[in-house]
Amino acid sequence: MIRKTFEHEIQQVKDEVLLLGSMVEHAIIDSVEVLKKRDIKGAEKIIADDAAINKKRFAIENQLMILIATQQPMAHDLRLLASTMEIISELERMGDYAKGIANINIRMGEEALLKPLIDIPRMAQIGADMLHRSLTAFVKEDVEAAKAIPIEDDEVDGLYNQIYRELMLLIIQDPKSIERANWLLWVAHNLERVADRVTNICERTIFIATGELNEIKSSSDEFWMKK
Amino acid sequence: MIRKTFEHEIQQVKDEVLLLGSMVEHAIIDSVEVLKKRDIKGAEKIIADDAAINKKRFAIENQLMILIATQQPMAHDLRLLASTMEIISELERMGDYAKGIANINIRMGEEALLKPLIDIPRMAQIGADMLHRSLTAFVKEDVEAAKAIPIEDDEVDGLYNQIYRELMLLIIQDPKSIERANWLLWVAHNLERVADRVTNICERTIFIATGELNEIKSSSDEFWMKK
Amino acid sequence: MKNTIMENKNFRPLDLKKKMRPGESVIQSLLFISGVLSIFITVAIVYELGKEALLFFNNPDVTLTKFFATTQWQPGIGLFGIWPLVTATLTTSAIAIFVSLPLGLAAALFLSEYATPKARSTLKPILEVLAGIPTVVYGYFALLFMTPLLQSIFGESVQVYNMASAGIVMGIMILPLIASMSEDALSAVPRSLREGAYAMGATKFETSIQVVLPASLSGVGAALIIGISRAIGETMIVAIASGSGPNFTFNPFKAAETMTGHIARISGGDLSYNSIDYTSLFAVALMLFLVTLVLNLISQVVVERFREKYE
Amino acid sequence: MQTNETPEYAIETKDLSIFYGAFKAVSDVNMLLEKQKITAIIGPSGCGKSTLLRAFNRMNDFVPNSHVTGEILMRGQNLYGSNIDPVEVRRSIGMVFQKPNPFPKSIYENIAWGARINGFKGNMDELVEQSLRGSALWEEVKDVLQKSAYELSGGQQQRLCIARTIAIQPSIILMDEPASALDPISTLRIEELMQELKKNYTIIIVTHNMQQAARVSDYTAMMMLDKEGSRSGTVIEFSETKRIFTNPKDKRTEDYVTGRFG
Amino acid sequence: MQTNETPEYAIETKDLSIFYGAFKAVSDVNMLLEKQKITAIIGPSGCGKSTLLRAFNRMNDFVPNSHVTGEILMRGQNLYGSNIDPVEVRRSIGMVFQKPNPFPKSIYENIAWGARINGFKGNMDELVEQSLRGSALWEEVKDVLQKSAYELSGGQQQRLCIARTIAIQPSIILMDEPASALDPISTLRIEELMQELKKNYTIIIVTHNMQQAARVSDYTAMMMLDKEGSRSGTVIEFSETKRIFTNPKDKRTEDYVTGRFG
Amino acid sequence: MNPTDNHYPTGESFRKSLNGRYRIASIWQAIFFSALLIALLSLAALLYNVVDGAFGYVAFEYKNDPTEFTAKPLDDLNKQELLEILQTNLSSGAYTKLDNEKTMEKRSKSVLYTLVLERLIQVDTKKTWSMTDSILRGNEIKAEVAKKYPEAKLEFRSWLTPVFLTTPMSSKAEFAGVRTAILGSLWMVGIAILFALPIGTGAAIYLQEYATKNFLNRIIQTNINNLAGVPSIVYGMLGLAIFVRALEPFTSGSMFGITDTNGRTILSAGLTMGILVLPLIIINGQEAIKAVPDSLRQAAYGIGATRWQTIWHHVLPNALPGILTGSILAVSRAIGETAPLIIVGASTFISLDPEGPFSKFTALPIQVYQWTTRAQTEFHAIAASAIIVLLILLLTLNAAAVIIRNRVQRKY
Ligand SMILES: Nc1ncnc2c1ncn2[C@@H]1O[C@H](COP(=O)(O)OP(=O)(O)OP(=O)(O)O)[C@@H](O)[C@H]1O
Ligand SMILES: Nc1ncnc2c1ncn2[C@@H]1O[C@H](COP(=O)(O)OP(=O)(O)OP(=O)(O)O)[C@@H](O)[C@H]1O
Ligand SMILES: [Mg+2]
Ligand SMILES: [Mg+2]
Ligand SMILES: O=P([O-])([O-])[O-]
């Protein structure tokens, strides 16, 4: 292997991306978990952890910039490094969603949840799982997997629509609950966005492997257009 | 000037970014404009234009990648190119917000607006204006301006909070209006996010000019935490 | 295997202190002495020639006016005009250069610019063989080939001993020297220069004459000067073919003795060491030495310039 | 050339193979080189880049025993056709070499000489000035035109060689690693110059520096020994430079441009 | 070295100036070079990079009339001290040159010779093997150790030269543009090797290639003529490589690394 | 610039001018080639001229009829018979003298045969012809001889024979050989090279490896370059003044108890020749040392070699072929050099083999000079033969130099 150091550094970046990914994953799951428990301390911790996510993202970005500037990457290497730059920015934003959920948790203060959380943790679970697998696909440059994962987004969208309708019903039943319903709506919205971003990661993975950049499904199809 | 071609290409990229920026600006203003008029055709055009925004963004991204790989940028050049990559991704997302607003417009179908639009166009105006100036600051690498612009975000947040409260009130008054209120809430939310993203652009501008990357104000401070 | 290299355990402890190395200095001194010896040789030449020449000039009969202003040279009988020797030397050398310069340069151009590498690699050594033939052989050639040849062409006016045949053969002798040195100078012109010319649509001839030759001009100049110096210092050809007895003439078909030829003839016999004949030889030799010295110095300067250009 | 939308080609090779004696150094090259574009030839050492380049203006004629098969067409004429004069070919296809090789003459004469031997009839001073302007050297040398070209720096010498080449108004300029003997700054200058020249000339450049190829060229030809064990080089991929450097078709090209070859 | 947290320095220069006759080629260099790190020296042509490098192992002694003022300290000893033996200095500070320069001997002898004249007493076969392994050449040459070093490729020759240097176990290795005569692939190989070597040696490398400096080095010294008109080079910025290449302090460094100098 | 404002001839007119350029070019090419041809023809003429002289018809008469001494044809006699003939017919004084020079029994048959011819039968050459004449005008010559010298025999002979190589000098061309001259040349060259090679190589090393650019060294260098261009006859004068005269006690051997010679000895000649080739050896040595690339020295110094280690292990081994080639060229120069020997005083008539450095001597080129300047054509013939010997010797040396040079063609 001629470019051992370079390969090594690429591997290291990938590892860092995985690490960042798992931080984000945990943030997502945990944010819903502590919301379920209405655990304010836990929420505060998630917000604190998000700072770490941001920091890590900037660190990776920096590393990438140096690699691009010094290793004269071309072809596949170039696609990989440039795309990784995008991917970590997606990850950072997913972290923001988790932080957003934690913020809602805090904002809710003493108020109880409008309804027991069943679909929302499931959304979180699916989103985190998609994220996890999308990163595995990224590291392995597994085009098949990268093409398959975004399809699961439909399930998340379905859940979101279900929650949306449910909450709308609750509000109509009890207009006073509107704030509490809206809180949960935001949470669901955030989780829905997580899945959208996973789609972007998959797009990039396909680009890295093949050099073709096609939008699988527009991430800008906002939730209200789904289904 | 030794690297005339390179300088020229950088200038060209900057021009392209400005062009992209102005496309996004127009999309934002127009999306609210056609909403005000409940002009479905107009909304459809905005959605179509968003595809052009995406396309332009990818084109610029591609150009950047080639520049980074071939021009061996270092120091300031490297910061500029890497940051521009981020900036265009921000712009693309802002375009998505406009598209989102257009989508809401379409979704609203025959239903009339819940209330006459006054604050929302204002938000759009301010956001677009901030965007415009942030890009001017970027092109000129004007650190002072880049530091000043994000402060205006407070005004947008204020407007948003105001709209939020207003709409909550309307829902409580008439729970049936909840869907229409929510629509407007999403619109306001999207516009609020526009301003947040401008902040990111300003951060990057400062980084390009000084090499220091500091978050001016966390873009992840979701709207509900504002103020 | 444990790689001790990579662990970098020095096999000798780091010690930067000066070591005694007596062998080095002894050797250096010996080599220096070898180098300086050449100075002694020159000093010896100047001293010995000068000493005897001084004896010659100190002779009351010899005056500088006589030496430079009369045209008869017979030291034994008090005739001290150096000119007959000088004119003979000049005539033979001029003929030699006249023959060898155009031919040598043209041959060099052909070898370096036109000949295939294979042809060059056989032709050049042949030229060098020509250069390595002892001059006494050229003398034989001049006397027994060139003179009859000239006589058969120009008839009776050509004396048996004559400057023309010596000069021409001397030219033939110098030709390979000039050709070889010029060829070296021409080939030293980098290939890239030729390619540059060809790439602009120049023909081979235009390239050789207008680019390569000017670029190597100083090298060719040095060859010319060395050639002249060789001609002036050449002894055997003139000693054999040009005739004995100083003769103040520029007629190439006449016999005349050059400076070198004179020295060779006179010293060949049993000469008594303190005679005026003996010391006069040193005066002539000193002149010879000085003239060639100047020429060599000039050529060295020229060559030096030439070297700088491509380094 | 069937439709008037196809680009105009400056030069075309058809099954071009180049031999040194019995050794086939370059085999079966088929390329269409577009006018007023820069085409880069890249590839590992010894794959025949220089050989191919030098075939374009018949500089290989000077290598004994070398010959070509196939055709190099320029405006429909085969450059190796029996009725073609190599001197004329070289006049219309100029060449710039790896190491700057100005003639040991004055700056002015360096340019005037080529013009003169080629029968230039116009105003020589003007030609010299225009050529020097064209190679971005005029400002630096306009007051010292009579100085020896050897007193210029390496980068300036190379630009002088370019000026000398454009003075004879060729239609194509070949460059064999024109910047590899120069420092980074002079290299950038030459690259800039190529961008200028491209407006009027078709340029073919051999380079070892992949970044350079990517920076300056519109098209790139990737050469490589055609198979394991063989010693003949050939063009294994020829397409737009962007494509070659971002998403090459051939695995060997990819390995080469990413520095994983060998 | 006041606290045990300061890094260990392999070499330190104090007001080092280097002269060729009366001409001050390098002036007032003050650097602390860390152990087991790679320090790159970059700068425009003629700014004195090689001169500075060669001062470190007294190779400049061979240039007539050259002399230094100031000090170069290695473990507290001034390398130019009157009691210092330059031969010993060169033994403990090895050097690798721009063009590979193996001896015209066998591969084995190339390594053994230096060890032998330096009084190596151990197992020579082992030393040869270890040195070749250390320079990542063993696998390629282990069966042909008796072959002439000249039969190796340029890149292999350069690695042989590195093997020869580490065979005498210096503590510092100087490299003057060690890859500039090599093709891109061999260059990458040498860079890889440097990363390996750095685990055991302190390396100082001069390079023209900014990307290379950025890739391989931990610290970078930027040299430049110290002011307009002066012809003395000096170190104008010396800091972590990352910093030099992403956000240099000195405007001239910025101009140089971004290719806008000159 | 605008490439369309074209002031260049194009198409047909360009082709026309090109044809003109080609015409001039080919004329000049022919001229260049002729120059080379002339050089080669001169070489051919020279060789032909020499060979032409060394073979051909000879018309000679016997003063005494061979039948007076023996009944057998001369050619059939064996060594013993020849010895007897000499013993019986020569005066005893003459015989003893010959025997003292070299025991008669130890002489070869051909030498004895020559003695018989020279001393007893006494050949008298009437006329000689060149090879070309002999071949082309054989019949005319026969007729001429029959008419002019009815007594004479006509024989086509080669003047270059084994006997010519092995017999010493003689005042008669027919019996002269180059044995003493060859030995003299070898002795002299041996001394010259023994003197010049170590000093020359040492000086070359000093100048290339040690000398700094100071005044003294620049002087030495310039001086050596100049010495190389000093005419050889000047060296002869130097040798005459220094070795023959000033150092006479040493060069004549009187310091060592030898009394019968003056300073004009092999030693003087050898040393003179040594000084003459010294600059040649130094310059060649310098070139050879210079050709060793600097990178090699740097490599050695760079791993802690001392100066002498570097020179001894790397510079000298790599320069050795060049140094050897240089010395061979110096040897050929010394062998062919004539003028200094004339000055230093080579004797032209020596029939005794040189026995050591203090002997009087002659040398091949001296013989050539001597014989060429004699009026009788038979001496020209033996001069030609001596030249052939000389040339073969030189050619062999040159070939050796070429072989060495080619064997070690640049490795770097
Ligand atoms: N004059 C020649 N005679 C014989 N073979 C040659 C000659 N010139 C080149 N070759 C051979 O032809 C092949 C291609 O050489 P060429 O110089 O074209 O390669 P290249 O790609 O330009 O290499 P580089 O990048 O090192 O310049 C090589 O194998 C080389 O050895
Ligand atoms: N042997 C020498 N004698 C005199 N001056 C010298 C010598 N070597 C170098 N110089 C001068 O010293 C200065 C620095 O030279 P040096 O070779 O160190 O530069 P460099 O930075 O290594 O350049 P490059 O990048 O071209 O190798 C230059 O002005 C050069 O001309
Ligand atoms: Mg090449
Ligand atoms: Mg240097
Ligand atoms: O980050 P978003 O606002 O685009 O979801």
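Only this structure's heavy atoms are used, side chains among them; waters, hydrogens and symmetry mates stay out. Predicted model only: the values in this text are computed from it and were never measured. Just so we're on the same page: letters track the sequence lines, and every chain starts at 1.
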Greater than 12 external heavy atoms within 6.0 Å of A/K45's NZ: no
Neighbour count above 12 (heavy atom, 6.0 Å) for A/K140 NZ: no
Side-chain heavy-atom pair E/E191, A/T5 within 4.5 angstrom cut-off: no
Atom NE2 of A/H26 with >12 non-hydrogen neighbours under 6.0 angstrom: no
Which atom of E/K242 lies closest to which atom of A/I66, heavy atoms considered: CG-CD1, 3.4 Å
E/K99 atom NZ, neighbour heavy-atom count above 12 within 6.0 Å: no
Separation of A/E7 CD from E/E192 CD (nearest 0.5 Å): 9.0 Å
Within-4.5 Å side-chain heavy-atom neighbours: A/Q72 and E/R215: yes
